[in-house]
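Numbers here are sequence positions counted from 1.
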Amino acid sequence: MGFSQFAKKVTLLLLLLVQLSLINLCLGARKLNSLYQPPPMSLTYHQGVLLEGNLPISILWYGEFSPAQKSIVSDFLLSLNQQEKQNPSVFLWWNTIQTYMKKAGKKETHVVISNQISDNNYSIGKTLKKSQISELARKVNSKPGELTLVLTAKDVAVEGFCMSNCGFHGSDTKLKSAFIWVGNSVTQCPGQCAWPFHQPIYGPQTTPLGAPNGDVGLDGMIVNIASLLAGTVTNPFGNGYFLGSAGAPLEAASACPGVYGKGAYPGYAGELLVDSVTMASYNAHGVNGRKYLLPAVFDPSTSQCSTIV
């Protein structure tokens, strides 16, 4: 055997040994990965005040809303406390929030619509800063322990709307009152704030779902109102239930983004109910024959995102 042939065989043998070593390393890595189970996520209670007991809510309609649009929101709020014959229901969805209250040793939260004010003339204009939202909320209601819902019409631009959020909640710690703001995104950013009733701005361009109340903007607002209401009741002043930093917390519903039914994944809302007449998608029955699509809520009992369908 010549030297060159011997050298080739030695080289091939070395290459084979290297490949076998790499295979063993890969198999070892896979085995270690399969053994690793990520710790369950948990929303910690930071011993702060929660919005318990009877919760009066004042609604400010800022800009033009039709009576039909107003009834979509008011019926949703009324549905939180009323058990429907048909399940799944808004009442059933709200029961997960009651679990938070029970775990903290608090009373169950019962929403009561106390006041509704319409500002059809856009009293402070159509371009608002975040600070002006809190000012509007304070003018409508500043009673301790109460909640104000500020809803802006489709032609009102609010600082950060569509760029960083679809709504937010805040509070006045001195007055011990809280507020929620949500905007109608139908003409500004429905792909961001009214999904899945409109094609998303990014990701898979799936066919939009039918809006259960026939109004893409308002049905999108219901999703955001529900999410923020869940977060506000369980974390009104920044020291209730949340995960992460107090400045950018994951709360009861924001911990489960884009999930509405079982089997949900990015770009797919999950398995939902479909109205046989309108072909609209929903997951909850409400008062007056209403149907709504509500976001998943993080269940503190199971440490998982909970859907009602």
Side-chain angles (χ1 to χ4, degrees), residues 61 63-77 79-80 88-90 93 149 151-158 160-168 180-231 253-254 256-297 305 307-309:
W61 303 95
E64 295 183 9
F65 289 90
S66 70
Q69 290 178 320
K70 292 179 180 180
S71 67
I72 293 172
V73 175
S74 58
D75 281 351
F76 165 67
L77 295 174
S79 300
L80 294 168
S89 64
V90 176
W93 176 84
L149 185 57
L151 304 177
T152 51
K154 62 184 180 181
D155 54 350
V156 177
V158 177
F161 188 34
C162 298
M163 293 182 288
S164 60
N165 60 61
C166 303
F168 59 81
I180 293 171
W181 163 73
V182 174
N184 186 342
S185 67
V186 69
T187 59
Q188 299 183 54
C189 56
Q192 180 175 339
C193 295
W195 184 85
F197 307 122
H198 190 281
Q199 286 186 313
I201 297 175
Y202 308 107
Q205 297 300 299
T206 53
T207 303
L209 302 181
N213 294 286
D215 189 317
V216 170
L218 264 292
D219 279 304
M221 290 182 78
I222 289 294
V223 170
N224 294 309
I225 291 170
S227 176
L228 288 164
L229 182 61
S254 62
C256 305
V259 179
Y260 298 90
K262 289 182 175 61
Y265 55 81
Y268 174 59
E271 299 174 13
L272 304 173
L273 303 174
V274 178
D275 188 291
S276 59
V277 176
T278 65
M279 302 307 294
S281 297
Y282 67 100
N283 61 7
H285 293 273
V287 301
N288 299 322
R290 291 286 186 191
K291 294 173 181 177
Y292 295 102
L293 185 66
L294 304 179
V297 175
C305 291
T307 61
I308 52 176
V309 294

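When all heavy atoms of Asp75 and Val287 are compared, the pair lying nearest together is O-CG2, 3.4 Å. Of all non-hydrogen atoms in Val90 and Ala284, the two that sit nearest each other are N-CB, 3.8 Å. When every heavy atom of Val186 is checked against every heavy atom of Gly217, the shortest pair comes out as CB-CA, 3.8 Å. Across Ser254 and Ser227, no two heavy atoms sit closer than the pair N-OG, 4.1 Å. Of all the heavy atoms in Ala280 and Ala211, the pair that sits closest is CB-O, 3.5 Å. Gly167 approaches Leu228 most closely through the heavy-atom pair C-CD1, 3.6 Å.
Two residues are said to be in side-chain contact when any heavy atoms from C-beta on lie closer than 4.5 Å; Gln188 and Phe161 meet this criterion. Residues Gln192 and Ser185 have side chains not in contact (no heavy-atom distance under 4.5 Å, counting atoms from C-beta outward). Trp61 has its side chain within reach of Val73: a pair of non-hydrogen atoms, C-beta onward, lies under 4.5 Å apart. Looking only at side-chain heavy atoms (C-beta outward), Phe197 and Pro208 stay at 4.5 Å or farther from each other. Counting heavy atoms from C-beta on, the side chains of Leu293 and Ile222 never come closer than 4.5 Å. You'll find the side chain of Leu80 reaches within 4.5 Å of the side chain of Phe76, heavy atoms only. Side-chain atoms of Asp275 and Lys291, non-hydrogen and from C-beta on, do get closer than 4.5 Å to each other. For the pair Leu229/Leu77, a side-chain contact is recorded, criterion being any heavy-atom separation below 4.5 Å from C-beta on.
Distance check, rounded to the nearest 0.5 Å: CG of Asn288 to OG of Ser71 gives 8.5 Å. The line from OG of Ser66 to CG of Leu218 is 7.0 Å long, rounded to the nearest 0.5 Å. With rounding to the nearest 0.5 angstrom, the OH atom of Tyr292 is 12.5 Å from the CG atom of Asn283. Atom CG of Asp215 sits about 5.0 Å away from atom CD of Gln69, to the nearest 0.5 Å. Separation of atoms NE2 (His285) and CD1 (Ile308) is listed at 9.0 Å; rounding is to 0.5 Å.
Relative ring orientation between Trp181 and Phe168 is described as tilted, the plane-to-plane angle lying within the 30° to 60° band.
Residue pairs meeting the disulfide bond (SG atoms under 2.5 Å apart) criterion with at least one partner in residues 181-223, sequence neighbours excluded, are Cys162-Cys189, Cys166-Cys193.
Residue Lys154 qualifies as open at atom NZ: its count of foreign heavy atoms under 6.0 Å is 12 or below.
Ser281 contributes no side-chain N or O that, together with a main-chain N or O of Val274, makes up a donor-acceptor pair within less than 3.5 Å. Between the side chain of Trp93 and the backbone N or O of Pro295, at least one donor-acceptor pair lies under 3.5 Å. The main-chain N or O of Thr207 is never found under 3.5 Å from a side-chain atom of Gln199 such that the two would form a donor-acceptor pair.
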Side-chain donor/acceptor pairs under 3.5 Å, residues 257-272, sequence neighbours excluded:
{"residue": "Lys262", "atom": "NZ", "partner": "Val309", "partner atom": "O", "Å": "3.3"}

